[in-house]
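Shown next, in structure tokens, is the structure this report addresses.
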Amino acid sequence: QVQLVESGGGLVQAGGSLRLSCAASGDTFSTYVMGWFRQAPGKEREFVAAISWRGGSTYYVDFVKGRFTISRDNAKNTVVLQMNSLKPEDTAVYYCAATRRIEKRKDPDYWGQGTQVTVSS
């Protein structure tokens with residue numbers, strides 16, 4: 001199985017940018033579909049973005065399209081979520097996730113511990 005560790009969260013003003021990274025270990029990274037989820041206070045965890053095994057396909061929830069970009073580097077076992085034009089409603093704990101099956105990209109099998117993103121108005 002794969003282990004996931006997120007980094008890059010923090011406090012940013014509205015309109016700013018953050019770059020989240022997720023380092024994977026323990027298994028062959030390129031055999032996993034990778035994704036990002038988030039959970040705001042008092043809300044359920046929700047899907048944000050996913051990327052296929054070699055990065056040829058990406059998937060986004062509507063409210064981040066055009067602002068967030070997911071990418072991966074299989075040589076470095078990392079997946080990145082570049083977040084631009086951040087809004088206060090993007091404030092949440094962001095989680096990296098993995099699954100071997102593309103149809104499970106919104107219901108993955110492995111999770112990181114999460115990293116806090118706070119956007120001030």
Practice problem: Show your reasoning for whether side-chain contact (heavy atoms from CB on, under 4.5 Å) applies to M34 and F29. | Solution: CA-CA 9 Å; M34 300 301 298; F29 180 68; 3.7 Å; yes

Exercise. Check the pair W111, F37 against ring-ring contact (aromatic ring centres under 6.0 Å, His included), reporting the backbone distance first and the verdict last.
Key: CA-CA 10 Å; W111 296 89; F37 290 70; 4.8 Å; yes

Practice problem: Run the numbers on D90 and K87 for salt bridge (Lys or Arg N to Asp or Glu O under 4.0 Å), then give the verdict. | Solution: CA-CA 5 Å; D90 294 318; K87 305 175 182 180; over 6 Å; no

Quiz item: How far apart are the C-alpha atoms of R67 and S85, what are their side-chain angles, what is the distance that settles it, and do they pass the side-chain hydrogen bond (donor to acceptor under 3.5 Å, both in side chains) test?
Solution: CA-CA 6 Å; R67 299 190 298 125; S85 302; over 6 Å; no

Quiz prompt | Worked verdict on F47 versus V64 for side-chain contact (heavy atoms from CB on, under 4.5 Å) | solution = CA-CA 10 Å; F47 170 79; V64 305; over 6 Å; no

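Residues V12 and V80 are members of separate hydrophobic clusters, defined by side-chain heavy-atom contacts under 4.5 angstrom among Ile, Leu, Val, Met, Phe, Trp and Tyr.
C22 places a side-chain heavy atom less than 4.5 Å from the side chain of W36. Contact check for Q39 versus Y95: side-chain heavy atoms found under the 4.5 Å cut-off. Between F63 and E89, the closest side-chain pair of non-hydrogen atoms is not below 4.5 Å. Between R38 and E46, the closest side-chain pair of non-hydrogen atoms falls below 4.5 Å. At least one side-chain heavy atom of T69 sits under 4.5 Å from a side-chain heavy atom of Y60. Side-chain contact between Y94 and E6 is absent, with no heavy atoms from C-beta onward closer than 4.5 Å. Using a 4.5 Å cut-off on side-chain heavy atoms (C-beta onward), I102 and W53 make contact. Within the 4.5 Å cutoff, the side chain of I51 has no heavy atoms near those of the Y32 side chain.
R72 contributes atom CZ, which lies 12.0 Å from atom OG1 of T58 (distance to the nearest 0.5 angstrom). Here C96 contributes atom SG and I70 contributes atom CD1; the two are 8.0 Å apart, rounded to the nearest 0.5 Å. Residue L86 holds its CG atom at 11.0 Å from OG1 of T118, rounded to the nearest 0.5 Å.
The side-chain tip of R100 does not point at the ring of Y110 from less than 6.0 angstrom away and within 45° of straight on. A cation-pi arrangement, defined by a distance under 6.0 Å to the six-membered ring centre and an angle within 45 degrees of its axis, is present between R105 and Y59.
Here the shortest heavy-atom pairing between L81 and A49 reads CD1-CB, 4.3 Å. Heavy atoms only, all atoms of each residue included: R54 and N74 are closest at CA-ND2, 4.1 Å. Taking each heavy atom of V2 and A24 in turn, the nearest pair found is CG2-CB, 3.8 Å. Shortest non-hydrogen contact noted between A98 and P108 is O-CB, 3.5 Å.
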Show which side-chain atoms of residues 13-20 pair as donor or acceptor with protein atoms under 3.5 Å away, not counting sequence neighbours.
from : atom 1 : to  : atom 2 : distance (Å)
S17  : OG     : N84 : OD1    : 2.9

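Qualifying side chain to side chain contact (heavy atoms under 4.5 Å, CB included) partners for R101, counting only residues two or more places apart in sequence or in other chains: T99, E103, K104.
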